[in-house]
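These figures come from a predicted structure and were not determined experimentally.
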Amino acid sequence: MADLSTTGFALRVVASNTFPQGFTVTAFSSDSDPWDSPALDVATVEMDLNGNMNSWSTPVPMTRTIGLTPGTEDERNMRALYEANRVGRDKRSARDIITIVATWPDGSTETMGGGKIVNGPSGNSTTQAARMKSVSYGFAFETYSSTGPTQ
């Protein structure tokens, strides 16, 4: 029988300039996906006029989204990372290179490196149910590696 529980899941976020020692994330959202890994297109295909299929592969960044509970220390750290890397008038980016290590309850890990924070909220939001809306931050990475579960 497969055990699908993710209780105990954690992320370690290291940002080269803003958080060089890193911080651990465990305060995940309850009303959105806490850790999302969307499908990526790794090849493109087309048919020529005679019905022959052609394909080619191009590299694409691996994306991840982290959903957090608003107002927690984890979310404040992520907001600081987002703000440090957001550019604007008279504002420079920290130009962080981000590494995230995901640790699963079975002891397996996933490491994403060469990353950038690519999106986040520009402020707080509320839901129709009169509660603060969970906050999501998006990342893109160049590299990925994983280790199997520990016994």
Side-chain angles (χ1 to χ4, degrees), residues 1-45 57-151:
M1 177 174 75
D3 184 348
L4 303 178
S5 173
T6 58
T7 302
F9 176 79
L11 298 172
R12 183 78 181 163
V13 178
V14 177
S16 59
N17 297 311
T18 307
F19 289 100
Q21 300 301 315
F23 62 93
T24 301
V25 176
T26 59
F28 297 105
S29 61
S30 61
D31 63 344
S32 66
D33 290 335
W35 178 242
D36 192 25
S37 174
L40 300 174
D41 292 332
V42 296
T44 303
V45 296
S57 298
T58 52
V60 294
M62 290 160 285
T63 58
R64 298 291 188 274
T65 302
I66 301 172
L68 300 172
T69 302
T72 61
E73 181 179 353
D74 294 353
E75 196 274 324
R76 287 190 298 274
N77 285 338
M78 199 66 71
R79 191 174 298 263
L81 177 61
Y82 167 81
E83 189 57 35
N85 285 275
R86 186 184 65 80
V87 296
R89 185 179 178 132
D90 299 324
K91 184 179 183 317
R92 289 187 180 183
S93 168
R95 301 178 72 136
D96 281 309
I97 298 179
I98 298 168
T99 300
I100 296 181
V101 178
T103 304
W104 294 89
D106 66 0
S108 63
T109 63
E110 294 177 292
T111 302
M112 281 74 49
K116 288 293 194 179
I117 188 166
V118 296
N119 61 54
S122 59
N124 293 325
S125 297
T126 183
T127 69
Q128 183 64 27
R131 70 168 271 186
M132 289 184 74
K133 189 174 185 179
S134 290
V135 195
S136 293
Y137 293 89
F139 295 84
F141 297 95
E142 286 182 316
T143 64
Y144 173 88
S145 64
S146 63
T147 64
T150 57
Q151 303 300 335

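- Within the 4.5 Å cutoff, side-chain heavy atoms of I100 are placed close to those of F141.
- Tested against V25 for a side-chain contact (heavy atoms from CB on, under 4.5 Å), the candidates N77, T72, V13 yield a single pass: V13.
- Within the structure, salt bridge (Lys or Arg N to Asp or Glu O under 4.0 Å) pairs that include any residue of residues 120-137 comprise D31-R131 (at least two apart or interchain).
- Across all their heavy atoms, G114 and I97 have their closest contact at CA-CG2, 3.9 Å.
- Take E73 and apply the salt bridge (Lys or Arg N to Asp or Glu O under 4.0 Å) test, not counting sequence neighbours, and it matches no residue.
- Residues satisfying the side-chain hydrogen bond (donor to acceptor under 3.5 Å, both in side chains) test with D96, not counting sequence neighbours, are T18, N85.
- Under a 3.5 Å cut-off, the side chain of S29 and the backbone N or O of S32 do form a donor-acceptor pair.
- The stretch residues 3-18 participates, sequence neighbours left out, in no salt bridge (Lys or Arg N to Asp or Glu O under 4.0 Å) pair at all.
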Tell me which donor-acceptor pairs under 3.5 Å the side chains of residues 57-70 have, and how far apart each pair is, sequence neighbours excluded?
| unit_1 | atom_1 | unit_2 | atom_2 | d |
| --- | --- | --- | --- | --- |
| S57 | OG | V42 | O | 3.4 |
| R64 | NH1 | S37 | OG | 3.3 |
| T69 | OG1 | F28 | O | 3.0 |

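- From E110, atom CD reaches atom OG1 of T103 across 9.5 Å, with rounding to the nearest 0.5 Å.
- No donor-acceptor distance shorter than 3.5 angstrom exists from the side chain of T99 to the backbone of V14, with no hydrogens or angles considered.
- In plain terms, the two heavy atoms of T147 and S108 that are nearest each other are O-CB, 3.1 Å.
- Side chains of I117 and Y137 form a contact here, defined as non-hydrogen atoms less than 4.5 Å apart.
- Distance check: I98 CD1 to N17 CG gives 10.0 Å after rounding to the nearest 0.5 Å.
- Looking only at distances, a side-chain donor or acceptor of R76 sits under 3.5 Å from a matching main-chain atom of G71.
- By the side-chain hydrogen bond (donor to acceptor under 3.5 Å, both in side chains) test, N124 is found to be paired with R79, residues two or more places apart in sequence or in another chain being considered.
- Contact record, F23 with D74: CE1-O, 4.2 Å, taken as the closest heavy-atom pair.
- From L11, atom CG reaches atom OG1 of T26 across 9.0 Å, with rounding to the nearest 0.5 Å.
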